[in-house]
Amino acid sequence: MPPLESKTMPLGSTAPDFELPEPLTGKVWKLADFEGHPALLVTFICNHCPFVVHLKKDIVKLANDYIPRGLAIAAISSNSTVTFPEDGPDFMAEDARKFEYPFPYLYDETQEVARAYGAVCTPEFYLFKKNGNQPFELAYHGQFDDSRPNNNKPVTGSDLRQALDCILSGQPISSVQKPSVGCSIKWHPSENE
C-alpha cells in the first residue's frame with residue numbers, strides 16, 4: 001500500500017479531548033493532564049510502520065531536547081490489534097521500554113481519538129500551543145522532516161523543531177506546512193466485511 005499524507009486539521013483548532021490508558025504504567029491520561037505546559041505534541045505512531053520505525057530514536061531525541069523547555073508529548077497508537085496484533089498494548093509497553101520514551105505512549109483501542117483528530121497515518125504530528133487559560137490551539141500539523149525510509153535524507157526533525165522553536169519563543173509559525181507521510185492507520189475491520 002502506498003504511503004498516505006496527513007489530512008488538514010485547520011490551524012487554530014482546539015485540541016480534542018481524550019482519556020486513554022498507558023500500557024506501560026496502567027495510568028489513564030487525559031488532555032487536562034497537560035494543561036500546565038506551553039506546548040503539547042500529540043503524535044499518532046505505532047510499533048510496526050516503517051515510517052515510524054525510521055524516526056523512533058529521533059522522536060525520543062527531540063522529546064529529550066524539548067521537554068525541559070516545557071513541551072508535553074502524548075504519543076497515541078490507534079491501530080487495530082485485530083489486523084495488527086504487534087501494535088497491541090503489551091507490545092506498546094515493550095516499545096516504550098526499549099526506546100525509553102520520555103512521554104506516555106497511549107492506547108486508543110476504540111479509535112475514537114484518532115477519528116476526533118482526523119488522523120489518517122503514522123506518524124502524524126499535531127503541535128498545539130497554549131495561551132494562558134485558553135484551550136490548546138493547533139499551531140502545526142505537518143511532517144517531522146523530509147527524511148523517509150530509503151530516501152537517503154538524514155533525519156533531523158527540522159520541520160517540527162522549527163515549529164517548536166517558534167511556539168516556545170512566542171514567534172509565529174508559517175501556515176505553509178508539509179504534511180506528514182506514513183502508513184495508514186489500521187482501522188478495525190467493519191462488521192460487514
Side-chain angles (χ1 to χ4, degrees), residues 6 15-128 130 136 138 140-141 143-145 147 149 155 157 160-161 164 168 180 182-189:
S6 59
D17 203 5
F18 60 80
E19 184 172 335
L20 297 171
E22 180 183 14
L24 180 65
T25 64
K27 179 179 176 176
V28 174
W29 290 80
K30 301 175 186 176
L31 179 64
D33 293 328
F34 302 99
E35 284 294 318
H37 296 269
L40 170 64
L41 176 64
V42 175
T43 180
F44 289 85
I45 63 172
C46 67
N47 297 343
H48 85 278
C49 171
F51 290 86
V52 176
V53 171
H54 181 68
L55 297 179
K56 281 181 187 178
K57 289 179 183 174
D58 292 280
I59 292 170
V60 170
K61 184 177 181 200
L62 178 137
N64 287 328
D65 289 347
Y66 285 91
I67 287 173
R69 295 178 55 192
L71 177 66
I73 301 174
I76 300 171
S77 178
S78 300
N79 278 358
S80 172
T81 58
V82 173
T83 54
F84 281 84
E86 64 269 37
D87 286 335
D90 291 341
F91 295 105
M92 290 173 62
E94 186 179 306
D95 225 41
R97 264 191 299 278
K98 177 181 175 184
F99 290 94
E100 299 180 1
Y101 288 165
F103 46 78
Y105 184 22
L106 310 176
Y107 181 44
D108 179 20
E109 182 176 12
T110 65
Q111 302 182 318
E112 289 175 12
V113 176
R115 291 184 197 289
Y117 278 76
V120 296
C121 65
T122 59
E124 191 154 1
F125 302 96
Y126 297 84
L127 179 59
F128 296 89
K130 188 90 166 101
F136 281 110
L138 185 65
Y140 179 81
H141 180 215
Q143 68 177 5
F144 194 74
D145 60 25
S147 182
V155 179
L160 185 53
R161 284 177 181 275
L164 281 162
L168 295 173
S180 193
C183 303
S184 65
I185 288 182
K186 307 310 180 210
W187 302 106
H188 295 307

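Only heavy atoms go into these numbers, but all of them, side chains included; no hydrogens, no water, no symmetry mates. For clarity, every value in this text was computed on a predicted model and none was experimentally measured.
- The nearest pair of heavy atoms linking A74 to F34 is CB-CZ, 4.0 Å.
- With rounding to the nearest 0.5 Å, the separation of CE in M92 from CD in E22 is 8.5 Å.
- Ring pair Y117/F128 is perpendicular by interplanar angle, where above 60° counts as perpendicular and below 30° as parallel.
- Closest non-hydrogen pair, P104 versus L106, comes out as CB-CD2, 3.7 Å.
- Checking side-chain atoms of Y126 against main-chain N and O of A119 turns up a donor-acceptor pair under 3.5 Å.
- One N or O on the side chain of Q111 and one on the backbone of H188 form a donor-acceptor pair closer than 3.5 Å.
- You'll find the side chain of L41 reaches within 4.5 Å of the side chain of L160, heavy atoms only.
- K186 places no side-chain N or O within 3.5 Å of a backbone atom of V82 that could act as its donor or acceptor partner.
- By the 4.5 Å heavy-atom criterion applied to side chains, L31 and L40 are counted as neighbours.
- Heavy-atom contacts from other residues, nucleotides or ligands closer than 6.0 Å to CG of D90 number 12 or fewer.
- Taking NE2 of H141 as the start and CZ of F125 as the end, the distance is 10.0 Å to the nearest 0.5 Å.
- In terms of heavy atoms, P102 sits closest to I67 at O-CD1, 3.5 Å.
- Using a 4.5 Å heavy-atom cutoff, the side chains of T83 and P189 are in contact.
- To the nearest 0.5 Å, atoms CD (E35) and CG (D33) are separated by 9.0 Å.
- With values rounded to the nearest 0.5 angstrom, Y101 atom OH is found 4.5 Å from D95 atom CG.
- The heavy-atom pair separating G70 from P38 by the smallest distance is O-CD, 3.1 Å.
- Here the straight-line distance linking atom CZ of F51 with atom SG of C121 works out to 9.0 Å at 0.5 Å rounding.
- When the side-chain contact (heavy atoms from CB on, under 4.5 Å) test is applied to H54, the partners found at least two apart in sequence or on another chain are S147, P149, V155.
- Within a 6.0 Å sphere centred on CD of E109, other residues, nucleotides and ligands contribute 12 heavy atoms or fewer.
- Between V120 and S184, the closest side-chain pair of non-hydrogen atoms is not below 4.5 Å.
- Panel note: side chain D87, backbone T81; no donor-acceptor pair is recorded below 3.5 Å.
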Does Y105 form a side chain to side chain contact (heavy atoms under 4.5 Å, CB included) with N47? I'd like the steps, not just the answer. CA-CA 11 Å; Y105 184 22; N47 297 343; 2.8 Å; yes

Residues L62, L164; criterion side chain to side chain contact (heavy atoms under 4.5 Å, CB included); working and verdict: CA-CA 10 Å; L62 178 137; L164 281 162; 3.8 Å; yes

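- Among D108, T110, T122, the one residue that satisfies the side chain to side chain donor-acceptor pair (under 3.5 Å) test with S78 is D108.
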Run I185 and N79 through side chain to side chain contact (heavy atoms under 4.5 Å, CB included) and show every step you take. CA-CA 6 Å; I185 288 182; N79 278 358; 3.7 Å; yes

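- With hydrogens and angles disregarded, no donor-acceptor distance shorter than 3.5 Å links the side chain of N64 to the backbone of K61.
- The CZ atom of F18 lies 14.0 Å from the CD atom of E112; values are rounded to the nearest 0.5 Å.
- Between L55 and P123, the closest heavy-atom pair is CD1-CG, 3.8 Å.
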Test side chain to side chain contact (heavy atoms under 4.5 Å, CB included) on L127 and L71; report intermediate values, then the result. CA-CA 10 Å; L127 179 59; L71 177 66; 4.1 Å; yes

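- T43 contributes a side-chain N or O that, together with a main-chain N or O of E124, makes up a donor-acceptor pair within less than 3.5 Å.
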